[in-house]
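All of these numbers come straight from a predicted model, not from anything done at the bench.
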Amino acid sequence: MIKVSILYPNTPGSKFDMEYYCNSHMPMVQEKMAGACTHFTVDQGLAGGMPGAPATYVAVGQLFFESIDSYQGAMASHRKAIVDDIPNYTDVTPVIQISQVLVG
């Protein structure tokens with residue numbers, strides 16, 4: 001299984017609409033990638049690794065796919081619509097990581 005993590009750095013002064021991200025953006029992404037994206041999760045950052053430290057990321061979205069080919073094919077077809085929706089919930093540039101899930 002492949003996991004695509006979309007990490008949004010916790011940048012002072014930036015905006016992030018968690019309600020929109022969870023209830024509009026991520027469901028739209030899954031709908032557009034129907035048949036390829038098996039499911040998604042969203043994490044909201046609460047704190048950093050040291051006492052009193054702010055969260056490194058304000059949010060982390062994860063999209064799950066059976067293979068990298070299924071992800072790449074779905075993303076190629078819908079990249080513009082997905083990227084064009086980002087300003088509706090944040091002004092933060094996301095960091096993307098594609099991983100193979102080994103345990104879980």
Exercise: identify the closest heavy-atom pair between [X] and [Y]:
X: M26; Y: G61; result: CE-CA, 4.1 Å
X: I6; Y: L63; result: CD1-CD1, 3.9 Å
X: V92; Y: I86; result: O-CG2, 4.5 Å
X: K80; Y: D84; result: NZ-OD2, 2.6 Å

Atom pair [atom1]/[atom2] of [X] and [Y] - distance to nearest 0.5 Å:
X: I2; Y: I98; atom1: CD1; atom2: CD1; answer: 8.0 Å
X: Q72; Y: S67; atom1: CD; atom2: OG; answer: 8.5 Å
X: M18; Y: T90; atom1: CE; atom2: OG1; answer: 9.5 Å
X: E19; Y: H25; atom1: CD; atom2: NE2; answer: 15.5 Å
X: T38; Y: Q30; atom1: OG1; atom2: CD; answer: 7.5 Å

Subject >> Linked, directly or transitively: F16 and L46 (ILVMFWY side chains, under 4.5 Å) >> reply: no

Original post:
Is there a chain of hydrophobic side chains (I, L, V, M, F, W, Y, each step under 4.5 Å between heavy atoms) that links I96 to V60?
Top reply: no

**OP:** Could you check whether the rings of Y89 and Y20 sit parallel, tilted or perpendicular, using 30° and 60° as the cut-offs?
**Re:** parallel

Hey, does the side chain of [X] reach the backbone of [Y] with a donor-acceptor pair shorter than 3.5 angstrom?
X: K32; Y: P27; value: no
X: S24; Y: Y21; value: no
X: D91; Y: S14; value: no

Would you call [X] and [Y] a side-chain contact if the rule is heavy atoms closer than 4.5 Å?
X: V4; Y: Q97; result: no
X: M28; Y: D85; result: yes
X: C37; Y: F65; result: yes
X: V42; Y: Q62; result: no
X: M1; Y: Q100; result: no

**OP:** Answer with yes or no after comparing the ring centroid distance for F64 and F40 against a 6.0 Å cut-off, counting only values under it.
**Re:**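 No, too far apart.
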
**OP:** Check the pair H78 / V29 against side-chain contact (heavy atoms from CB on, under 4.5 Å), numbers first and verdict last.
**Re:** CA-CA 8 Å; H78 302 289; V29 171; over 6 Å; no

